[in-house]
Amino acid sequence: MSELSANRNLKVRISKFTKEYAIVIAILALMIIFTLTSEYFLTYRNIRNILMQTVSLAIVCIGQSLIVTTGEFDLSLGQNVCLSSAVMAWLIKYGGFNPWIAILCAIAVGALIGLTNGVLIAYAGIPCFIVTLVFQMVARGGAKIITNATPIPGMPEQIKFLGRGFIGGMEYGVPISVLIMLALFVVFSFITQRTKYGRSLYAIGGNKEAAYFAGINVKNTRAINYTIAGTLCGISAVLLVIRLDSAAITNGNLYEFDAMISCILGGISLAGGRGKIVQALFGAIFLMLFFNGMTMLNVNPFVQDVLKGIVMIGAVALDVVRNKRR
Amino acid sequence: MADYILEMRGITKVFPGVRALDDVSINVERGTVHALVGENGAGKSTLIKVLAGIYHPEEGEVYLDGVKTVFRTPNDSQHKGISVVHQEFKMSETLSVAENVFLGNLMYKGRVVDWKGMRVCADKMLRDLGVPMDVDVAVETLSVAQKQMVEICKAINRNCKVLIMDEPSATLTEKEQMLMFDTVRKLKASGVTVIYISHRMEEIFDLCDNVSVLRDGQHIATVPVASVTRDELVSLMVGRTVTNEYPRSSVQPGEVILEGRNITRKGVLHDISFQLRKGEVLGIAGLVGAGRTELARAILGIDKIDSGELLLHGKPVKMDSFRKAIANGLSLVPEDRKTQGLVQIATVSRNINMVNMDAAAHGFVMDDAKERKISAEYVQKLDISTPSVDTEAQYLSGGNQQKVVIAKWLLEDSEIVILDEPTRGIDVGAKSEIHNLIVSLVEQGKSVLMISSELPEVIGMSDRILVIHEGHLVGELHRGEASQKRIMSLCV
């Protein structure tokens with residue numbers, strides 16, 4: 001009997017896994033397709049490159065998925081990354097700051113934008129759409145002012161290992177930035193799945209009013225959430241500037257949407273209250289793989305934008321269908 | 001042979017894991033008000049949905065006016081003469097009364113919409129029903145009772161032969177109910193057959209001609225109302241004899257725990273003073289909108305008080321937030337279970353642990369196993385019927401959902417429990433379990449403040465009753481001196 005129930009348990013587990021992580025299967029499918037069509041695809045270097053390119057977006061995804069879990073979204077994340085990276089590069093190149101101080105300042109700028117978003121949304125009660133759209137514009141403007149719309153290139157050697165360094169040598173080493181990203185995912189998975197704060201997030205996403213009537217501090221939790229998302233934008237910006245070796249006004253462009261697509265692709269419900277942030281990581285990897293493969297197959301980059309839109313619509317439609325079926 | 005407008009024969013509807021309807025055959029006589037009763041989950045809503053064309057039964061046939069009929073879609077069903085007035089109204093709030101009455105069924109004069117004709121027509125229909133109102137105002141400005149009348153108008157506007165009303169009285173005040181009853185009687189007189197679903201025994205005996213009882217998806221009996229007693233009907237529904245409907249605690253109320261002095265909130269509450277004692281059930285009666293919920297919200301710090309003070313254990317406290325009230329040992333089982341009481345998509349376990357997360361936490365970290373163990377204890381203690389503690393709350397029946405809401409406050413171990421309409425929309429069996437829970441609360445030395453629109457419940461459960469009318473405290477009745485008549489006379 002125990003064997004039978006164990007067998008059944010395994011089945012249930014597999015079906016639950018495939019439901020929650022359909023995206024993993026999609027990633028594997030993509031990989032098989034690209035492996036068959038391009039001989040360069042399945043090389044350690046290429047896969048490592050894709051992961052390194054995913055890092056900055058994936059870190060923004062953590063923030064976006066925290067917010068999506070509460071049933072809201074943040075449109076300012078991408079330009080927050082842009083402004084934070086501009087601040088960092090400017091402080092190093094023109095301000096003569098110690099690079100480490102500049103990094104802290106960049107993260108602080110990200111956090112500050114997040115905090116302002118959070119306070120306006122949670123305490124002043126302005127819809128997240130309006131507030132974060134405004135800060136998208138404000139941050140974009142700020143970044144243009146700082147950079148004068150021209151890239152600030154050349155980051156100092158002493159911080160380069162963060163975004164371009166490897167543990168175990170150039171050839172077959174593990175990228176430090178990817179490790180930082182994974183560490184952040186581990187930390188935030190723990191926070192969302194195992195802490196009181198995480199429980200509050202899901203409760204708020206499930207039903208704000210009921211969460212309030214259960215004595216959860218809804219306003220504080222939401223404000224903190226936006227602040228965390230902003231802080232993560234700062235971290236993302238630092239790694240992005242170092243990897244690209246430049247702060248340009250294209251840094252982080254459209255990350256808020258890519259992060260949202262990643263969340264949906266991963267299976268995090270836009271309605272809130274469901275999903276795990278690691279699903280967003282897989283969503284981001286899928287997205288990056290998809291475009292890496294397209295580029296490798298010489299698909300016109302303008303066509304790629306169109307495809308991105310189609311992928312997003314498809315993912316949202318899937319989300320709607322999934323919610324209906326429940 | 002009787003003249004049946006609607007005959008259901010051997011209807012079976014199966015959902016994964018449940019036989020929601022099992023070989024149900026019910027005949028409805030033409031021109032009668034036919035009550036459909038049963039506990040939550042008995043199959044009433046499924047049956048309605050079959051008639052409304054939302055569900056399609058696996059087996060069975062429906063004869064409408066002697067003709068075998070299949071209802072494909074809600075539209076199809078309406079077309080054939082069956083209209084449903086749902087509990088949640090389906091109207092465009094920003095459109096006018098007349099527009100809503102004719103929604104999806106506009107009148108035309110040539111090729112243009114005949115607004116004037118529709119307004120005149122809607123006006124006449126409402127007058128005929130005995131509820132004249134301005135047909136040009138937006139529906140959102142109407143009271144619940146008025147909206148219901150508009151729904152009824154909308155329903156009968158489509159050549160309606162059978163009107164199904166799903167718990168129409170649940171959100172009405174006593175007075176509005178009387179009006180609604182009149183309307184139903186007028187409909188009956190005009191030849192419409194009404195299928196009336198309700199949890200309230202009084203209404204069935206007041207209003208209905210025949211009654212069909214469903215239990216666990218099966219048709220138990222259909223009888224003329226005149227031939228059964230209330231107790232017989234209840235035992236048919238529950239499947240066992242329910243004797244003492246309102247349990248009483250043996251505790252004598254002790255010292256004053258919570259006292260309100262001259263509590264005022266401009267335009268809502270005027271100069272209300274009250275005392276709540278240890279081990280006491282204090283009922284709050286009054287019409288919907290009289291300020292009962294508002295009083296609870298003021299006490300709990302959800303709404304601000306303009307003047308007056310609140311004393312807890314004789315010491316003044318300032319409740320500036322609901323969280324502070326919780327910290328001071330107060331709790332609230334809110335009015336609306338679905339939107340305020342529960343996070344529907346969260347599991348039973350998460351809901352139970354939502355208030356007192358510390359019970360299953362080490363510092364900031366939640367202990368999943370402990371959380372589920374605690375929940376399992378409460379599921380057992382309150383006899384909550386759920387497949388597991390990991391089931392999402394939305395899949396539970398109303399009564400069990402309410403027990404989950406109560407469980408989370410039991411876990412918090414609040415000293416003062418405020419219940420706002422604790423048994424609204426809950427079936428007879430679960431209702432008496434909740435009443436027993438209230439008694440066990442006061443027997444543990446807790447104090448209960450209970451708001452209820454059901455006068456028999458307030459009278460049956462309370463040690464004392466505060467009657468509130470238009471924000472004023474208009475009476476305080478002790479156990480023994482309270483009667484429905486007395487309370488109602490204070491409310492007008």
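Protein chains get the first letters and strands the later ones, always in sequence-line order, with residue 1 at the start of each.
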(request) Scan B/V448, B/L312, B/L282 and name whichever one has a side-chain contact (heavy atoms from CB on, under 4.5 Å) with B/I416. (result) B/L312
(request) Please look at B/E371 and chain A and tell me whether the side chain, the backbone, both or neither of the residue comes under 4.5 angstrom of a heavy atom of that chain. (result) side chain
(message) A side-chain contact here means heavy atoms from C-beta on lying under 4.5 Å apart; do A/L201 and A/N225 qualify?
(response) yes
(message) Heavy-atom pairs under 4.5 Å with chain A: which of B/R350, B/Q344, B/K408 has the most?
(response) B/R350
(message) Quick check against the 3.5 Å criterion: does A/T132 have a side-chain atom that pairs as donor or acceptor with the backbone of A/L75?
(response) yes
(message) Given heavy-atom pairs under 4.5 angstrom as the criterion, report whether the side chain, backbone, both or neither of B/L342 touches chain A.
(response) backbone
(message) Looking only at heavy atoms and a cut-off of under 4.5 Å, which of A/R194, A/K196, A/K208, A/E209 has the most pairs with chain B?
(response) A/K196
(request) Assess the pair B/F322 and A/Y212: is the distance between their ring centroids shorter than 6.0 Å? (result) yes
(request) I would like to know whether B/K324 and B/N328 meet side-chain contact (heavy atoms from CB on, under 4.5 Å); could you show each step before the answer? (result) CA-CA 6 Å; B/K324 189 167 174 195; B/N328 275 306; 3.8 Å; yes
(message) Please rank B/I326, B/D368, B/I302 by heavy-atom pairs under 4.5 Å with chain A and give me the top one.
(response) B/I302
(message) At a 4.5 Å cut-off on heavy atoms, which part of B/L300 comes close to chain A: side chain, backbone, both, or neither?
(response) neither
